[in-house]
Amino acid sequence: MISCKHVTKTYRGTTALNRLSCNIHENTITGLIGRNAAGKTTLLKILTGMIKESSGEVEVFSKHPFNNLFVSANSILVDDQMSFANSISLYELLQQAGRFYKNWDMDLALRLFDYFSFQPNAIHEGLSKGRKSTFNMIIGLASRCPLTIFDEPTTGMDAVVRNDFYRALLKDYIAHPRTIIISSHHLDEMEHLLEHVLVIKKGKELLHIPMEDLKEYAIGLEGKTAVLKEWLGDQPVLTKRTASDYAYIAVKNDFDTEQLEQVKQQGVKVSPVSANDVCMYLTKGQKGGIDDVFRQR
Amino acid sequence: MLDLNGVTPIYIQIAEWMENQILNGTFQIDEKVHSQYTLAEMFNINPATAAKGLHLLSEEEILYTKRGLGKFVSPLAKTIIMEKRKSQTLTGLITDLVLEAKQLQVEDDELLEMIRKEMKQQKGEEI
Amino acid sequence: MIIFPFIFILLIMLIWVANSWGKRKGAGFLRDRFISIFLIVLIVSTVMHFFLPERQLVGGKIDISTIPDIFHEGYEGRIDQVDSQYLLKEWTFTPKQEMIQIALPDELNQSQPQIFVERIKGLDVMEVGYYRTPVVLTSGLDISGYLSEPRLRFEAGSNQIIIEDTGYTVLELVALKREFPINQFYLDQHQDFFEGPLAERGDYLFYLRIPEQADVEAQGDIWIEWIGEETESE
Amino acid sequence: MMSFVNVSLKETVWNQYCFKLKSFYGMFRSIIILQVIAIGFTSLAGVASTGSGSMTISFNVQYYSADAVIAFTMIGLFINGIQMTTKPFREDDFVFVTNRLSQNLSNMAFLLTVSVATGITALLSRNVIEMIRYFLPEHSYMQDMDGPNTWYMVVGGGIATILYIAACSALGYLVGSLVQLYKGLVIIIPAVVIGYSVILGTQEGYIMGKIWAFYFSEHHLGLFAVKLICTIAICYGAAILLLNQKEVRNV
């Protein structure tokens, strides 16, 4: 469905994507997780043919997406940069969108439009940020594109609308399975929807695994610093918080049950690490944590 | 229902929910259970995750598959579930209990006494 | 040409203002109906245009090649052969002296009338003929009707002919003009479309026949041409 | 499984064209505003007054024609052509199905439509000017120096007007495309044009004169149409080539 091989994108000297490779399968919901400026938006724009990769190979529906009419007709990128002509009302925008997208479901669009109580005569430019996001989301859902991409879709939405959005997305996905990518920097509010997670950092892919695996990716160990140190050796640590001789450490879960039993015997508490935390630990900068900033004093 | 943002993988929660439904008789033997899509809608989760939960139950032979029709409760479902819970859940709880007792320096006899006392109390309440 | 960039900048500003007018929120009645109102005005004017009175200059069409060059004929002494329709007016005076004065009021100095003089044997009066050819526009339209009549007066006391009106006319017009894209293909191609209408012909001259012994002297800006005399008498 | 849809270029261009007719309605309006302003100027002041004549007659003619309206429309369309290439207009298309070619083609179709519509209104505005003059209090009787237009002239002149306007929009579109690719041109182009017309315009610039003669001194309508259509085609062709690799929403 989507395959990227060593994709690099540079803008005037800054590298947004750095030899990124990934494969996204058909009819899955994939979460694209990364911090600001990790290259999420760049990747999505390359996939929908808005911009062109500097090097590497990109294929969407076995075609090179840039400037490709077929890819454009079968994909949609919903983000807060969507610009609609301001002399045209919201209702007319829905009608026009219907002209362009063959799979467009006007019935769904109108029911969502009504549910979120939009004024048919309103102008897109006059909407608040959250309302814009909601309207864009309606376009994204109703267009029923085989590749539907949401880039930070919930910006500005309130909690209720956010929930409604994820619920609507899921229901429509179940009824009409398609390939969906949602990018966000917070995973927790949508992790139940996702089948796969693609974590990127500084333009490179870090992880691309099923969501359920991500939940078991790491474990947290809590106990005496000395015991933990001895037991872990020089195994890389995801995060570490210490208070005198007591520490909490998160590490990649490469242990079998027996090893975990052993460490429990030594008075170490073993706890799972949530997917959101895993992503946070994985994508944080190399300069240590925020703790290190304060340690200097 | 489910703890979506919790640390327990959702597919395991789905499997446990389904087991509970079988135990309390919502699904009878040889009755068709919910499809992955129904479950996904009910619990607001990805269908693939729901499928994984169902698959787990199939592997444990709690459910069986009729091709093209869906998944059904196997005749031995209740027994299997109870056996599994005994061997896994109960054992895990006991391990934790023993560990905790050790940390609190509770003697073995004292611990056993506490268990007996608790059991008596519960039985008493039942009567 | 030098003003062009400034007009251009002005128009850019205008368009910018017009666009922002289109964007402002709150549906203004005028703004929403602007184009419709304009179209209605256009259609109404176009229809009314057909009911307005004729606006053409009065006059018939004339083929310019049929009009003689009266100057040439005059020089050659063949003015008699010119069609009588071009002889607009004739006067006959009896001069008291041999020296005839021709005077032009100051305000007519610009028009520089041409006087042809021919001495005729045995003539004892003075005949003045006013010849004029029609004024024709490049399009072939004869607009001679707008010209004024010439006026002459003979003052016996000073033996002076006073030209009171040479027939010169200033025509003040308010005119509709074809748009340049039409002009470019359908008008006389030698006419620059920034120029006004070109009038052709419309020459005039006074032809004096005087007694043999008489003489003519001009005052002011008058050109006298002697006909039939090889050497001009000083 | 969501089925893939195949769209043809023709269909996409048509959809975009219809969308533009609705969404860029403001462009029509801004041109109409210019025309109204030009009508106002013309009706009150006249286009030009000239005097000429022969020995017996001299004319003082105050002219009224839709020349200023046509000229304003040409400049307006030139500016709109530039506007069409700017970021906000370019990105509007990329919300829906498009590629660069279909976008350029639909822009072209849209600008041509505006040219045709505003060309017709520009020519008809002659009647509005006539009407205003007629009903002005000190109304002077309008003379029609050249005689009434024949239908043949109206149609030919209309085609020429529309071609002039369309060529201006095409030129604007090309200039805009160049500016989109090389931002520096936004200063260089006006500087060169203004500088050239200021320095050389006063002394009959040679190149300007040639260009002027090429278009404005062509008296054969057929040849003129060929020249203008070629010019329009070259401008759009170049713009399509220039913009074909241009990225959108890039930053």
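None of these values were measured; they are calculated from a predicted model. Chain naming here is simple, since letters A, B, ... match the order of the sequence lines and numbering starts at 1 in each.
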Practice problem: State whether the side chain of D:Glu247 and the backbone N or O of A:Lys52 hold a donor-acceptor pair below 3.5 Å, judged by distance alone. | Solution: yes

Self-check item: Flag if over 12 foreign heavy atoms under 6.0 Å of OH, A:Tyr91
Solution: no

Exercise. Return the option, out of D:Val97, D:Leu9, D:Thr12, D:Asp93, with the maximum number of heavy-atom pairs under 4.5 Å with chain A.
Key: D:Val97

Exercise. For residues D:Phe19 and A:Ile88, determine if any side-chain heavy atom of one lies less than 4.5 Å from a side-chain heavy atom of the other.
Key: yes

Self-check item: Neighbour count above 12 (heavy atom, 6.0 Å) for D:Lys183 NZ
Solution: yes

Practice problem: Quick one: closest heavy-atom pair of D:Thr98 and A:Leu69, and the distance? | Solution: C-CD1, 3.7 Å

Quiz item: So do A:Met82 and D:Phe94 actually touch side chain to side chain, heavy atoms under 4.5 Å?
Solution: no

Practice problem: Could you tell me the separation between the NZ atom of D:Lys20 and the CD atom of A:Gln96, rounded to the nearest 0.5 Å? | Solution: 11.5 Å

Quiz item: Do you know the tightest heavy-atom contact between A:Ala73 and D:Val7?
Solution: CB-CG2, 3.5 Å

Quiz item: What is the minimum heavy-atom distance between A:Arg99 and D:Cys18, and which atoms define it?
Solution: NH2-SG, 3.2 Å

Quiz item: Between D:Asn244 and A:Asn67, does any side-chain donor sit less than 3.5 Å from a side-chain acceptor?
Solution: yes

Quiz prompt | Gap separating the CD1 atom of A:Ile51 from the NZ atom of D:Lys246, nearest 0.5 angstrom | solution = 12.0 Å

Self-check item: Min side-chain heavy-atom separation D:Val95-A:Phe84 under 4.5 Å
Solution: yes

Exercise. Would you mind checking if D:Lys22 and A:Glu92 are paired as a salt bridge, meaning a charged N to carboxylate O distance below 4.0 Å?
Key: yes

Quiz item: Would you call A:Lys102-D:Glu11 a salt bridge at under 4.0 Å N-O?
Solution: yes

Quiz item: How are the rings of D:Phe4 and A:Phe70 set relative to one another: parallel (under 30°), tilted (30 to 60°) or perpendicular (over 60°)?
Solution: tilted

Quiz item: With only heavy atoms counted, which part of A:Leu147 is less than 4.5 Å from chain D, the side chain, the backbone, both or neither?
Solution: neither

Self-check item: Distance-only donor-acceptor check, side chains D:Asn99 and A:Ser72, under 3.5 Å
Solution: no

